[in-house]
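I have placed the structure first, in the form of structure tokens, so that the comments after it can refer back to it.
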Amino acid sequence: MLETKRLLMRPLTGDDFADYAAMMADPQVAGGLAESVGTSPADAWRSLALFIGHREIRGYSHWALVEKATGRFVGRAGPWRPHGFPGLGVGWCLAREHWGRGYATEAARASLSYCFGELRAPEVVSVILPGNVRSIAVAERIGHRHLRDVQYGGRTVHLYGQRARSTPD
Ligand SMILES: CC(C)(COP(=O)(O)OP(=O)(O)OC[C@H]1O[C@@H](n2cnc3c(N)ncnc32)[C@H](O)[C@@H]1OP(=O)(O)O)[C@@H](O)C(=O)NCCC(=O)NCCS
């Protein structure tokens, strides 16, 4: 569990399904993701199960983001490294009504610190669809730079990232 100024970041659970499915039902949300996913409740269930299962396998995953002031589900963000992913990733995804408030950047910064501090990652990357200007802005705000373009999931995507500032001890 992590805590930022405005967010609690806690493990996703099956109890998040209704909020998660509502978030993913918006084509603007699902359409931004590099890993293509549909907007149906069944698609959302499989996506949620993937993030919960990733924690079981890797010991870390995206957290549920909860607005401290209201207890509302805001989205998900965190470290991510499924098989075939080009490095240790950090990712972010917010329900549409929570865009434009700085929550993604707040969660991304905490996730990045976790990757460097707790996971001792030498480098952290993010895979972003070309044209996803909001996600690119988040990446740049947390200090990522465009590294190169890569093939991922059958598409050409931008690989953003940054190296740890000091060598881990
Ligand atoms: C990508 C995504 C997470 C970005 O969300 P976002 O709300 O634009 O990003 P942030 O949380 O960093 O918010 C930044 C905006 O909040 C504004 N803001 C308002 N209050 C703020 C505050 N207190 N602190 C910081 N920024 C604040 C900023 O000015 C900025 O506004 P702008 O976009 O008009 O310049 C969101 O668009 C999303 O979930 N998209 C669908 C899924 C997706 O594409 N995920 C990424 C896959 S790679």
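Worth saying up front: this structure is predicted, and the values here are computed from it rather than measured. Numbering of ligands and ligand atoms starts at 1, following listing order.
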- How many angstroms lie between NZ in K68 and OG1 in T4, if you round to the nearest 0.5 Å? 6.0 Å
- Task: Distance to 0.1 Å, residue and atom name: give those for the protein heavy atom nearest to atom 39 (O) of ligand 1.
- Result: L94 N, 2.8 Å
- Atom indices of ligand 1, in the order listed, that fall short of 4.0 Å to a heavy atom of Y103: 11 (O)
- Nearest heavy-atom approach of L88 to A121 is CD2-CB, 3.5 Å
- Message: Looking at atom 30 (C) of ligand 1, tell me if a protein heavy atom falls under 4.0 Å from it.
- Response: no
- d(Y60 OH, Y114 OH) to nearest 0.5 Å is 9.0 Å
- Looking at atom 16 (O) of ligand 1, would you say a protein heavy atom lies below 4.0 Å from it? yes
- Close-contact set for ligand 1 against V138 heavy atoms, below 4.0 Å: 4 (C), 9 (O), 12 (O)
- Query: Which bit of T105 is near ligand 1, meaning a heavy atom under 4.0 Å away: side chain, backbone, both or neither?
  - Reply: both
- Query: Is there a donor-acceptor pair closer than 3.5 Å between any side-chain N or O of S61 and the backbone N or O of I52?
  - Reply: no
- Query: Looking at ligand 1, does any of its N/O atoms fall within less than 3.5 Å of an N/O of G102?
  - Reply: yes
- Message: I'd like to know if E67 and R101 make a salt bridge, using a cut-off of under 4.0 Å between side-chain N and carboxylate O.
- Response: yes
- Task: Could you tell me whether atom 34 (O) of ligand 1 has a protein heavy atom closer than 4.0 Å?
- Result: no
- Message: E123 vs L147, test: side chain to side chain contact (heavy atoms under 4.5 Å, CB included). Steps then yes/no.
- Response: CA-CA 11 Å; E123 183 182 54; L147 303 176; 3.9 Å; yes
- Task: Using modelled atom types only, decide if a donor and an acceptor are shared between the side chain of W92 and the backbone of T105 within a distance under 3.5 Å.
- Result: no
- Note on the structure: re atom 45 (N) of ligand 1, the protein heavy-atom contact at minimum distance is W92 O, 2.8 Å
- Message: I need the M24 CE to C93 SG distance, nearest 0.5 Å.
- Response: 5.5 Å
- Item | C93 to ligand 1, any heavy atom closer than 4.0 Å | yes
- Query: In the protein, what heavy atom is nearest to atom 8 (O) of ligand 1, and what distance, to one decimal place, separates them?
  - Reply: R134 NH1, 2.5 Å
- Closer than 4.0 angstrom: is that true for some heavy atom of R6 and an atom of ligand 1? yes
- Query: What protein heavy atom is closest to atom 44 (O) of ligand 1, reported as residue, atom name and distance in Å?
  - Reply: N132 ND2, 2.8 Å
- Message: Does the residue L129 have a heavy-atom contact with ligand 1, meaning some pair of atoms that are separated by less than 4.0 Å?
- Response: no
- Measuring from H83:NE2 to H54:NE2, what's the distance to the nearest 0.5 Å? 12.0 Å
- atom 6 (P) of ligand 1: protein heavy atom closer than 4.0 Å? yes
- Contact check: S135 vs ligand 1, nitrogen or oxygen atoms, below 3.5 angstrom: no
- Message: Regarding ligand 1, does A34 bring an N or O atom to under 3.5 Å of one of the ligand's N or O atoms?
- Response: no
- Message: Below 3.5 Å, N or O to N or O, backbone or side chain included: is there any such pair between V127 and ligand 1?
- Response: no
- Query: Which of the atoms of ligand 1 are close to G32, meaning less than 4.0 Å from one of its heavy atoms?
  - Reply: 44 (O), 47 (C)
- Does the protein put a heavy atom under 4.0 Å from atom 47 (C) of ligand 1? yes
- So CZ of R10 and CE of M1: to nearest 0.5 Å the spacing works out to 8.0 Å
- Query: Which class fits the ring pair F73 and Y20: parallel under 30°, tilted 30 to 60°, perpendicular over 60°?
  - Reply: perpendicular
- Message: Could you measure the distance from the CZ atom of R120 to the CD atom of E118? Nearest 0.5 Å is fine.
- Response: 8.0 Å
- Message: Check contact between R141 and ligand 1, using heavy atoms of the residue and a distance below 4.0 angstrom.
- Response: yes
- Query: What is the nearest protein non-hydrogen atom to atom 42 (C) of ligand 1, stated with its residue, atom name and distance?
  - Reply: V29 O, 3.5 Å
- Message: Among all the protein's non-hydrogen atoms, which is closest to atom 18 (N) of ligand 1, and how far away is it?
- Response: G100 O, 3.4 Å
- Item | Donor-acceptor contact below 3.5 Å, side chain D19 vs main chain D16 | no
- What residue and atom, counting heavy atoms only, is the protein's closest point to atom 11 (O) of ligand 1, and at what distance? A104 N, 2.6 Å
- Message: Test your reading of the model: is there a side-chain donor-acceptor pair from S126 to the backbone of G91, 3.5 Å cut-off?
- Response: no
- Applying side chain to side chain contact (heavy atoms under 4.5 Å, CB included), run through I142 and Q162 and close with a yes or a no. CA-CA 9 Å; I142 66 168; Q162 62 187 287; 4.2 Å; yes
- Item | Distance from atom 21 (C) of ligand 1 to nearest protein heavy atom, with residue and atom | R101 O, 3.2 Å
